[in-house]
Amino acid sequence: MSNTSKGGGNPWAWLGLLKWSLSYSDGTRKNDDITPMSKEDREFLEKVMAEGIIDENERMKFILQESTKAMEYYRLRAMGTNPDSDPPISYAVFCLKKKQR
């Protein structure tokens, strides 16, 4: 599902909040004394749901990208190049240069 649903935030996060809320509602409270949320409370809840929920898929994607960059850096270092100053070269070009020496 996309994050474009009305009300802000990820719809799956809202579903999680609904399940949590329902688990704490035991039915002993009368339905006639339940009132709608105030505008301020609703805005606060929407802000928390939009900013406070970590998208685990996006977080994992970021971690994998950073790990891949680090592994490439250390691979280049192990091949004898300086990734900080040498222009990046492919492994194939590196092997050709080694053969020519």
Side-chain angles (χ1 to χ4, degrees):
M1 297 187 110
S2 68
N3 290 340
T4 59
S5 65
K6 186 177 177 184
N10 184 334
W12 294 112
W14 285 103
L15 180 61
L17 178 63
L18 174 64
K19 286 181 180 180
W20 178 86
S21 300
L22 292 174
S23 71
Y24 287 95
S25 176
D26 62 2
T28 58
R29 189 171 179 190
K30 293 182 181 179
N31 288 340
D32 56 353
D33 62 348
I34 297 175
T35 59
M37 254 192 237
S38 69
K39 182 179 178 183
E40 295 82 22
D41 287 345
R42 182 178 175 91
E43 288 171 357
F44 171 78
L45 181 59
E46 287 179 357
K47 182 178 177 184
V48 168
M49 293 299 288
E51 297 173 5
I53 304 295
I54 296 173
D55 184 345
E56 293 175 5
N57 293 328
E58 287 299 317
R59 180 71 179 140
M60 185 55 68
K61 186 175 167 182
F62 173 77
I63 290 169
L64 289 173
Q65 287 172 345
E66 293 300 309
S67 297
T68 302
K69 288 178 191 175
M71 287 190 299
E72 179 65 11
Y73 174 84
Y74 288 110
R75 184 182 69 81
L76 290 172
R77 292 285 305 258
M79 291 183 347
T81 63
N82 184 354
D84 297 324
S85 63
D86 293 342
I89 58 173
S90 72
Y91 184 69
V93 172
F94 175 77
C95 290
L96 287 173
K97 286 184 178 182
K98 283 283 225 193
K99 272 188 169 180
Q100 293 172 358
R101 290 185 191 169

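Only this structure's heavy atoms are used, side chains among them; waters, hydrogens and symmetry mates stay out.
- Counting heavy atoms from C-beta on, the side chains of Arg77 and Tyr73 come closer than 4.5 Å.
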Discussion item. Could you go through Arg59 and Glu56, starting from their C-alpha distance and side-chain angles, then the distance that decides it, and tell me whether this counts as salt bridge (Lys or Arg N to Asp or Glu O under 4.0 Å)?
Written reply: CA-CA 5 Å; Arg59 180 71 179 140; Glu56 293 175 5; over 6 Å; no
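- Put simply, CD on Gln65 and CZ on Phe62 are 8.0 Å apart, with the number rounded to the nearest 0.5 Å.
- With contacts defined as side-chain heavy-atom distances shorter than 4.5 Å, the pair Lys69/Glu72 does not qualify.
- Exactly one of Met37, Arg42, Glu43 qualifies for a side chain to side chain contact (heavy atoms under 4.5 Å, CB included) with Lys39. That residue is Glu43.
- In this structure, OG1 on Thr68 lies 4.5 Å from CE on Met71, to the nearest 0.5 angstrom.
- Counting only heavy atoms from C-beta outward, the side chains of Lys61 and Asn57 never approach each other to under 4.5 Å.
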